[in-house]
Amino acid sequence: MPEAAASAALAEQFDDPVQQYQAASLGMWAFLVTEVMFFGGMFTGYAYYRAAYSAVFGAASNHLDVLLGTVNTAVLLTSSLTMALAVWSAQMGRKRALTIFLILTMILGLCFLSIKFTEYAQKYAEGLIPGHGFLYDGPEPHKAQLFFSFYFAMTGTHAIHMVIGEALLAVLLIQTRWNHFSAAYYTPVDIVGLYWHFVDIIWIFLFPLLYLVSRHTAG
Amino acid sequence: MLHHAPASRVTYVIIYVMLIALTAATTGIAFLDLGKFNAVLAIMIAVMKATLVALFFMHLRESLRLTWVMTSVGLVWLAILIVTTVADLLTRGWLGVPGS
């Protein structure tokens, strides 16, 4: 019985399951706002140096693989769709559909990380990792090195968030298997969904800013 | 239904198709030389995509007003961070440095 399941999960400080859900949801949004500020620092630094060294950053940006970047954007957007459908399945109490959509989301997340790893391997082979082995052949390599520092810091932090998301999805999958969720209680699925979509939004900004902005100058 | 009325699956698929179309548009536009408008359009499309994800996939549309306040305040602080920092860079040469 859904009411029994919901009240069993009700902590004593809340009046009812709806209030408990709203508190959890608001708490997650508060966390995501701190994440906006966390990534915001890097976005600000990037915007600053992009404005200061626009020509060098533009030339360095054209060393990124725009095809892999576009494919990865599509992969991540698709994983957001499957995550939204996973939350929908949980709301409907459809355990089998929830399991399938969680697994699909995990697979798409792993596809994203694999493509990202491929790109990192290419950059390593081309000598574009900042440090002693930096072999950039364009003008002003010390400024280009700064671009690649931003690129690896921002996409790397994003990738770590993806790995954490994968772990959270794995936990949800186990909890689904143990019948933790019902149409009356699926807050963890909803909360992890918020996190997953947020990580998608970060990539929505990283992709054009890192890969696209100076593409028209590539000639 | 306990939390909020579930959106229909059709809505999610429509939003997804729009997101993919905007991704194709932003990549295509990037190869045209529009001068300063390349950056402006890229950021505008990214904002549109992020808004679609937040409103529909993250259910912000049906969220508490308090959640709206929380997200708006976050964006205001982000704007202060970026606008003041970049404004400093862009206007630094306007008044020379005394003594140099």
Side-chain angles (χ1 to χ4, degrees), chain A residues 2 6 17-18 21-22 25-26 29-30 32-37 40-41 43-45 47-48 50-52 66-67 69-70 73-74 77-78 80-81 83-85 87-88 91-92 183-187 190 193-194 196-198 200-202 204-205 207-209 211-218, chain B residues 1-9 11-13 15-16 19-20 22-24 26-27 29-35 38-39 41-43 45-54 56-60 63-64 66-68 70-71 73-75 77-79 81-86 88-90:
Chain A
V18 174
Y21 165 77
Q22 288 173 341
S25 175
L26 186 66
W29 278 100
L32 294 182
V33 168
T34 69
E35 287 274 272
V36 167
M37 298 311 291
F43 276 108
T44 306
Y48 189 97
R50 173 123 215 162
V66 74
L67 178 64
T70 309
T73 307
L77 289 172
T78 311
S80 258
L81 174 67
M83 188 70 229
L85 291 172
V87 174
W88 181 87
Q91 279 178 316
M92 292 299 177
Y185 177 74
Y186 57 90
T187 304
D190 206 83
L194 288 179
W196 193 264
H197 296 309
F198 170 79
D200 188 15
I201 286 178
I202 293 294
I204 284 173
F205 284 97
F207 170 61
L209 291 179
Y211 289 74
L212 294 181
V213 171
S214 296
R215 198 54 59 173
H216 59 280
T217 60
Chain B
M1 207 26 69
L2 183 59
H3 307 324
H4 43 74
S8 83
R9 283 170 293 177
T11 311
Y12 290 139
V13 173
I15 297 301
Y16 171 69
L19 289 168
I20 294 292
L22 285 169
T23 304
T26 195
T27 305
I29 288 169
F31 286 93
L32 308 173
D33 191 353
L34 304 173
N38 276 106
L41 275 173
I43 291 169
I45 291 176
V47 169
M48 281 165 70
K49 286 165 74 181
T51 308
L52 287 175
V53 171
F56 293 93
F57 285 175
M58 299 172 86
H59 306 119
L60 191 57
S63 288
L64 294 177
L66 192 55
T67 308
W68 281 79
M70 185 81 81
T71 48
V73 166
L75 293 178
W77 282 110
L78 182 69
L81 177 68
I82 294 176
V83 171
T84 53
T85 308
V86 176
D88 168 52
L89 173 76
L90 297 180

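Lettering of chains follows the sequences in order, A, B, ..., and the numbering in each one begins at 1.
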Chain B interface, residue from [options] that has the most non-hydrogen pairs under 4.5 Å:
options: A:G193, A:A47, A:A30; result: A:A30
options: A:A84, A:P208, A:G41; result: A:A84
options: A:I204, A:V33, A:V213; result: A:I204
options: A:I202, A:T78, A:T70, A:V36; result: A:T78

Residue [X] versus chain A: region with a heavy atom under 4.5 Å:
X: B:L32; answer: backbone
X: B:N38; answer: side chain
X: B:V47; answer: both
X: B:Y16; answer: side chain

Grab the two heavy atoms, one from [X] and one from [Y], that are nearest each other, plus how far apart they are.
X: B:A42; Y: B:T26; result: CA-OG1, 4.0 Å
X: A:R50; Y: A:S214; result: NH2-OG, 2.6 Å
X: B:L89; Y: A:A51; result: CD2-CB, 3.5 Å

Determine whether the aromatic ring centres of A:H216 and B:F31 lie less than 6.0 Å apart.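 No: the rings miss the under 6.0 Å criterion.
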Derivation and outcome, side chain to side chain contact (heavy atoms under 4.5 Å, CB included), residues B:M58 and A:W29: CA-CA 10 Å; B:M58 299 172 86; A:W29 278 100; 3.8 Å; yes
Which portion of [X] sits near chain B, non-hydrogen atoms under 4.5 angstrom:
X: A:F207; value: side chain
X: A:T73; value: side chain
X: A:V66; value: side chain

A:Y186 side, atom OH; A:Q91 side, atom CD - distance, nearest 0.5 Å: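 One finds 3.5 Å between OH of A:Y186 and CD of A:Q91.
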May I ask you to check whether over 12 heavy atoms, not counting those of B:M70, lie within 6.0 Å of atom CE? yes
Atom CH2 of B:W68: over 12 foreign heavy atoms under 6.0 Å: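 Yes, CH2 of B:W68 has more than 12 neighbouring heavy atoms, counting only those of other groups under 6.0 Å.
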Tell me which of these, B:V83, B:L34, B:L60, B:V13, has more heavy-atom pairs under 4.5 Å with chain A than the rest. B:L60
